[in-house]
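Please read the structure below before turning to the comments.
Numbering of residues begins at 1 and proceeds along the displayed sequence. Nothing here was measured: the structure is a model prediction, and the numbers come from that model. Any value given below was found using the heavy atoms of this structure, including those in side chains, with hydrogens, waters and symmetry copies removed.
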Amino acid sequence: MRFLFSEPFIKVAGKELEFPISSPVSLRALIGRFPPDLIKIIHHENTVSDVELWAHVMFFNKERLLRLEDMIDNDETIKVLLPATGG
């Protein structure tokens with residue numbers, strides 16, 4: 001499975017990050033595998049809720065915004081974006 005990053009995350013993680021997985025894994029567990037500098041930017045901790053995470057970063061597959069407990073398959077590509085802002 002792979003993550004595709006937008007700015008400003010590219011500066012820390014590069015354009016993409018791949019993790020081979022043999023069975024579905026929660027998004028929360030995959031985020032835990034991110035490089036430490038990236039985890040600091042997105043303010044992720046084991047106790048963070050979906051809403052707290054979405055204040056800093058959003059994860060999308062082809063269909064929808066992902067929650068931390070959503071299971072991710074090996075063939076998925078997840079886009080990592082800053083949250084939308086109004087104006």
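With sequence neighbours left out, the side chain to side chain donor-acceptor pair (under 3.5 Å) criterion links Glu63 to no other residue. Taking the side chain to side chain donor-acceptor pair (under 3.5 Å) definition, one finds that Ser49 meets it with Glu52, sequence neighbours left out. Qualifying ring pair (Phe, Tyr, Trp, His ring centres under 6.0 Å) partners for Phe34, counting only residues two or more places apart in sequence or in other chains: Phe3, Phe5.
Separating the CZ atom in Arg28 from the CZ atom in Arg33 is a distance of 15.0 Å, to the nearest 0.5 Å. Once rounded to the nearest 0.5 Å, the distance linking CE of Met1 with CG of Leu17 reads 8.5 Å. Here the CE-CD1 distance, from Met58 to Ile42, works out to 13.0 Å after rounding to the nearest 0.5 Å. Distance check: Ile10 CD1 to Leu4 CG gives 9.5 Å after rounding to the nearest 0.5 Å. We find the CG-CD1 distance between Asp75 and Ile21 to be 8.5 Å, quoted to the nearest 0.5 Å. Atoms NZ and CG, on Lys79 and Leu66 in that order, are 12.0 Å from each other to the nearest 0.5 Å.
With a 4.5 Å cut-off on side-chain heavy atoms, Ile41 and Val57 do not count as touching. Val25 has its side chain within reach of Leu30: a pair of non-hydrogen atoms, C-beta onward, lies under 4.5 Å apart. Contact annotation: the side chain of Ile31 approaches that of Phe59 to within less than 4.5 Å [non-hydrogen atoms, C-beta and beyond].
In terms of modelled atom types and a separation under 3.5 Å, the side chain of Ser6 and the main chain of Val80 share a donor-acceptor contact. Remark: side-chain polar atoms of Asn61 are paired, donor with acceptor, to backbone N or O of Arg64 under 3.5 angstrom. Between the side chain of Asn74 and the backbone N or O of Ser22, no donor-acceptor pair lies under 3.5 Å.
Clustering ILVMFWY residues whenever any of their side-chain heavy atoms sit less than 4.5 angstrom apart, transitively, puts Met71 in a cluster other than the one holding Phe60. Val48 is connected to Leu82 through a chain of hydrophobic side-chain contacts under 4.5 Å among Ile, Leu, Val, Met, Phe, Trp and Tyr, so both are in one cluster. One hydrophobic cluster, built from ILVMFWY side chains closer than 4.5 Å, cannot hold both Leu81 and Ile39; they sit in different ones.
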Verdict with reasoning, Asp37 to Val12, per side-chain contact (heavy atoms from CB on, under 4.5 Å)
CA-CA 7 Å; Asp37 289 344; Val12 176; 3.6 Å; yes
Leu65 vs Trp54, test: side-chain contact (heavy atoms from CB on, under 4.5 Å). Steps then yes/no.
CA-CA 10 Å; Leu65 174 64; Trp54 294 338; 3.7 Å; yes
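Scanning all heavy atoms of the two residues, the minimum distance from Pro83 to Ala55 falls at CG-O, 3.5 Å.
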